[in-house]
Amino acid sequence: MPRGTLEVVLISAKGIDDNDFLLPDAGSKPQWNESFLFTVSDSASELNLKIMDKDNFSQDDCLGVATIHLDPVFEAGSIPETAYKVVKDEEYCGEIKVALTFTVEKNEEQDYAEPEESYGGWKESSGEF
């Protein structure tokens, strides 16, 4: 797995019921348009987004979880706004729209130099005779 930075843009959700989102008029269709940056290590293969409501006088409630496999964004570099299923207790309970961008960490050990040309198995001489 590559190492780098993953930008997650949390756009919106729909169909998520029994919530107390910060915007009272949002109901089951909240709009966030928030961006988050995460450092990705070698072992990361999925992103789990846990959707919570906000309660003032009691513990916040988990409304569901969206699991996003990261291999497609590692390969493509970015995934445009996409809807992912939100599940709770193995049942569909809505969807969340997310856009992803992955920037590979440039490792100083990686060598991006052009390969040397060779002629008939012999490298071109750079010295004088």
Side-chain angles (χ1 to χ4, degrees):
M1 296 290 161
R3 302 182 100 175
T5 303
L6 179 67
E7 179 182 16
V8 178
V9 181
L10 183 60
I11 299 165
S12 64
K14 78 174 189 182
I16 301 175
D17 294 325
D18 299 325
N19 59 61
D20 304 319
F21 289 109
L22 294 175
L23 302 171
D25 297 333
S28 64
K29 296 182 182 179
Q31 298 274 330
W32 295 290
N33 295 314
E34 294 283 336
S35 182
F36 302 91
L37 292 176
F38 298 95
T39 300
V40 177
S41 67
D42 292 330
S43 62
S45 63
E46 63 184 28
L47 174 67
N48 293 303
L49 299 175
K50 188 174 188 179
I51 294 86
M52 306 286 292
D53 73 352
K54 175 72 174 152
D55 292 324
N56 290 325
F57 302 106
S58 62
Q59 190 172 14
D60 296 343
D61 303 309
C62 176
L63 304 176
V65 177
T67 300
I68 301 171
H69 296 282
L70 296 177
D71 284 337
V73 74
F74 291 158
E75 293 170 12
S78 67
I79 303 289
E81 181 178 316
T82 304
Y84 297 93
K85 292 180 183 178
V86 176
V87 295
K88 183 176 181 182
D89 301 324
E90 299 182 16
E91 289 189 28
Y92 174 86
C93 61
E95 64 183 41
I96 189 165
K97 286 189 179 176
V98 176
L100 303 168
T101 302
F102 181 70
T103 305
V104 176
E105 175 183 292
K106 186 173 179 181
N107 187 342
E108 293 187 24
E109 293 176 12
Q110 293 174 327
D111 186 11
Y112 295 107
E114 293 288 322
E116 292 184 36
E117 291 185 26
S118 63
Y119 301 95
W122 294 89
K123 292 183 181 178
E124 185 178 14
S125 175
S126 60
E128 292 184 28
F129 294 101

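Quick note: residue numbers are just sequence positions, from 1.
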Any chance CD of Glu46 has more than 12 other-residue heavy atoms, nucleotides or ligands included, within less than 6.0 Å? yes
For Ser12, side-chain contact (heavy atoms from CB on, under 4.5 Å) partners two or more places apart: Gln31, Lys97
So NE2 of His69 and CD1 of Ile79: to nearest 0.5 Å the spacing works out to 12.5 Å
Can any side-chain N or O of Lys88 pair as donor or acceptor with the backbone N or O of Cys62 at less than 3.5 Å? yes
Pairwise distance CG(Leu6) to CG(Leu70) - rounded to 0.5 angstrom: 6.0 Å
Is it possible for you to say whether Leu37 and Ile11 belong to one hydrophobic cluster, with membership spreading through side-chain heavy-atom contacts below 4.5 Å? no
Closest non-hydrogen atoms of Ser78 and Thr101, given as atom of the first, atom of the second and distance, are CB-OG1, 3.9 Å
Shortest non-hydrogen pair, Ile16 vs Glu95, comes out as CD1-O, 4.2 Å
Would you kindly confirm whether Ile51 and Phe38 end up in one hydrophobic cluster when ILVMFWY residues are joined by side chain heavy atoms under 4.5 Å apart? yes
Test of understanding: clusters of I, L, V, M, F, W, Y form through side-chain heavy atoms closer than 4.5 Å, transitively. Do Val104 and Val8 belong to the same one? yes
Do Arg3 and Asp42 have side chains that get closer than 4.5 Å, going by heavy atoms? yes
Minimum heavy-atom separation for Tyr92 to Gly94, with atom names? CE1-O, 3.0 Å
Is there a path of hydrophobic side-chain contacts, each under 4.5 Å between heavy atoms of I/L/V/M/F/W/Y residues, joining Val87 to Leu49? no
To the nearest 0.5 Å, tell me how far Thr82 OG1 sits from Ile68 CD1. 8.5 Å
Out of curiosity, Lys14 NZ to Ile96 CD1, how far, rounded to the nearest 0.5 Å? 13.0 Å
Ignoring hydrogens and angles, tell me if any N or O in the side chain of Asp53 forms a donor-acceptor pair with the backbone of Asp61 under 3.5 Å. yes
Output the distance between atom CG (Leu47) and atom OH (Tyr84), rounded to the nearest 0.5 Å. 9.0 Å
Could you check whether any side-chain heavy atom of Val40 comes within less than 4.5 Å of a side-chain heavy atom of Phe74, counting everything from C-beta outward? yes
